[in-house]
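Down below is the structure, laid out as structure tokens.
Just so it is clear, the structure is predicted and the values come from calculations on it, not from any experiment. When a residue number appears, it is its place in the shown sequence, counting from 1.
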Amino acid sequence: MGALITGAVAAALVLSGCSGDVATPAFTPKTQTEGDLPSDMRDQLKGAVERAMAASGSSGAILGVWAPWSGSYVTGLGTVSAEDKDPVSADMSFRIGDVTRLMTCDVLYALADRGTVKLDASITEYVSGVPDLQDVTLLDLCNGTGGIGSSEATAMPMWLNNPDRQWEPKELASYGLAQNRTPPHTGYRDSDAGFLLLGQALERATGQTAAQLIHEYVAAPLGLNATSLPGPQAAAPSPSPALKGSFLPQVDGALQCAKPTDITVSSSSNGYTDSGVVSTVADLGRYMQAEAAQALRVKKTPQRFGSPLPVADGAPSWYKATGGAYLVGSMIGQHGGTPGYLTGAYSDPTTGFTVVVVLNDSTVGSAFIGDLAFELAAIASKAPAGKGGKAPEFALPFTAEDYAKAVDSLAVCPLPQG
């Protein structure tokens with residue numbers, strides 16, 4: 001499980017799916033030092049995740065860390081659910097939440113590189129019933145600069161109470177569209193509604209489903225055999241076995257940390273091209289290294305991550321967003337949730353350093369899993385060189401202690417003492 005890509009694929013993974021005179025790129029993963037990260041570092045990483053599990057009411061977690069110059073640590077922690085005491089294994093599938101946004105933008109750029117769509121085309125060219133979005137482009141929706149709000153806060157109670165419901169993307173997006181708008185092109189705004197509309201536009205532009213597009217332009221080229229956008233019928237993540245997902249119900253205003261509600265079986269339509277994809281930690285580790293390197297692109301320009309914007313007023317200068325991603329220091333990735341699961345995934349394009357973490361309770365929210373991913377990255381970034389190797393000049397602009405405190409500050413369940 002430690003290797004991002006094994007066998008013949010590791011030598012050179014040639015990306016397919018291109019046609020005509022468009023160049024076909026090749027992706028060669030960073031050479032990964034065999035073996036585990038040092039035991040004291042593994043203990044520190046495990047301790048951070050277990051503390052986050054307690055803070056969030058999660059029974060289980062999956063962690064993957066790859067420091068190509070040093071080693072790797074891929075493991076399952078805890079139990080499959082509060083009631084199912086089987087241990088979590090690292091091969092279990094799960095919902096990847098907002099990491100889906102990266103894949104949706106991969107499809108957008110793949111189609112733009114091939115001349116199927118134009119990045120500056122108005123969303124109204126492909127999606128009807130939104131004439132007031134005439135000035136919002138496909139690129140705006142990917143970059144988060146469309147000025148559109150998010151639907152999650154309104155829709156979440158419905159997702160939790162009726163996880164089998166099959167949603168139409170525009171219906172779900174309508175909750176975000178109903179919020180006050182900000183002028184397009186002027187600043188970043190976290191918008192699930194934007195990615196839902198972008199998915200619809202890409203379907204209309206190609207005559208293919210979003211699931212087919214993600215398979216053709218993301219999963220198949222990279223050999224991500226456990227990664228897909230499932231159909232809208234309610235089901236557990238696949239392939240089996242799946243990590244079970246949950247949320248914490250409230251009784252008299254108090255979260256029931258000891259009695260989570262299982263929500264493993266639900267419809268991917270509540271996430272669709274914003275947060276609906278399922279995967280495994282091995283697939284996500286492989287994907288994130290390729291994504292950070294922009295290995296799926298068949299044209300070098302325009303640069304997808306070239307003009308990031310601050311994630312919010314007052315945000316640190318090293319924390320920005322564009323292209324469906326957050327740029328955190330030198331790392332590129334995403335973090336967020338969907339009912340039952342929280343996922344964070346980041347990779348450094350120069351070194352191949354990659355961190356993926358998933359928790360199986362979504363109650364605590366997206367900021368929590370982002371803070372945990374940053375804490376884990378700060379820990380593992382200091383991995384020493386393996387035997388005969390040399391550690392790169394790689395550092396992050398924050399410390400593990402900074403984000404350990406941030407994780408603790410967001411706890412919704414009792415923290416372990418000591």
Side-chain angles (χ1 to χ4, degrees), residues 93-108 123 126-130 141-142 148-179 190-219 226-240 242-247 261-279 324 334 336-343 358 360 362 366:
S93 61
F94 52 88
R95 303 186 193 281
I96 71 172
D98 292 4
V99 183
T100 301
R101 296 178 175 187
L102 293 172
M103 298 182 181
T104 301
C105 289
D106 288 336
V107 173
L108 171 63
I123 181 64
Y126 301 102
V127 178
S128 62
V130 287
L141 298 179
C142 171
I148 301 169
S150 281
S151 299
E152 180 177 317
T154 303
M156 183 63 74
M158 292 179 277
W159 293 340
L160 300 182
N161 290 329
N162 187 9
D164 294 352
R165 177 177 174 177
Q166 297 182 24
W167 292 83
E168 289 296 327
K170 195 158 63 175
E171 176 192 9
L172 188 55
S174 68
Y175 301 120
L177 292 172
Q179 295 182 16
D190 187 349
S191 174
D192 51 20
F195 286 94
L196 298 171
L197 293 174
L198 180 57
Q200 275 208 305
L202 299 177
E203 287 188 335
R204 302 281 170 77
T206 61
Q208 295 176 267
T209 67
Q212 290 170 332
L213 291 169
I214 287 173
H215 176 77
E216 179 176 350
Y217 292 109
V218 182
T227 300
S228 67
L229 176 59
Q233 299 80 11
S238 62
S240 182
L243 178 64
K244 292 184 178 179
S246 64
F247 68 94
T261 298
D262 187 286
I263 198 168
T264 307
V265 175
S266 63
S267 171
S268 69
S269 67
N270 64 30
Y272 182 55
T273 47
D274 173 72
S275 54
V277 168
V278 297
S279 190
Q334 252 293 355
T338 195
Y341 303 86
L342 294 173
T343 303
V358 58
N360 72 341
S362 56
S366 297

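Remark: of the listed residues Glu203, His215, Glu216, Glu216 is the sole one forming a side chain to side chain donor-acceptor pair (under 3.5 Å) with Gln208.
Of all heavy-atom pairs spanning Gly176 and Ser151, the tightest one is N-OG, 2.9 Å. In plain terms, the two heavy atoms of Ser366 and Gly336 that are nearest each other are OG-CA, 3.4 Å. Closest heavy-atom contact between Ala193 and Ala173: CB-O, 3.7 Å. Minimum interatomic distance between Ser150 and Ser191 (heavy atoms only, all atoms of both residues): OG-CA, 3.1 Å. Across all non-hydrogen atoms, the minimal contact from Ile96 to Thr343 is O-CB, 3.5 Å. Closest non-hydrogen pair, Met103 versus Val277, comes out as SD-CG1, 4.0 Å.
Proximity of a side-chain donor or acceptor of Gln166 to a complementary backbone N or O of Ser269 within less than 3.5 Å is not detected. Not one N or O on the side chain of Thr227 forms a donor-acceptor pair closer than 3.5 Å with the backbone of Ala219. Between the side chain of Lys170 and the main chain of Val130, no donor-acceptor pair closer than 3.5 Å is present. Within the 3.5 Å criterion, the main-chain N or O of Gly97 finds no donor-acceptor partner in the side chain of Ser275.
Between Thr273 atom OG1 and Phe195 atom CZ the span is 9.0 Å, to the nearest 0.5 Å. Remark: Ile263 CD1 to Phe247 CZ distance equals 5.5 Å, nearest 0.5 Å. Note that CG of Asn270 is 7.5 Å distant from CZ of Arg95, once rounded to the nearest 0.5 Å. To the nearest 0.5 Å, atom CG of residue Leu141 and atom SG of residue Cys105 are 9.0 Å apart. A distance of 11.5 Å separates CD of Glu168 from OG of Ser174, quoted to the nearest 0.5 Å. If you take CG on Asp98 and CG on Asp190, they are separated by 6.5 Å, rounding to the nearest 0.5 Å.
Annotation: side chain of Asp192 is in contact with side chain of Arg101 (closest heavy-atom distance under 4.5 Å). Met156 has its side chain within reach of Pro339: a pair of non-hydrogen atoms, C-beta onward, lies under 4.5 Å apart. By the 4.5 Å heavy-atom criterion applied to side chains, Thr104 and Asp274 are not counted as neighbours. A 4.5 Å side-chain heavy-atom check between Thr264 and Tyr341 finds at least one atom pair inside the cut-off. Looking at Ser268 and Val278, their side chains never come closer than 4.5 Å, going by heavy atoms from C-beta outward. Considering only heavy atoms from C-beta on, Leu197 stays 4.5 Å or farther from Pro169 through its side chain.
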List, one per line, each side-chain donor-acceptor pair under 3.5 Å for residues 157-164, sequence neighbours excluded.
from   : atom 1 : to     : atom 2 : distance (Å)
Asn161 : ND2    : Pro157 : O      : 3.0

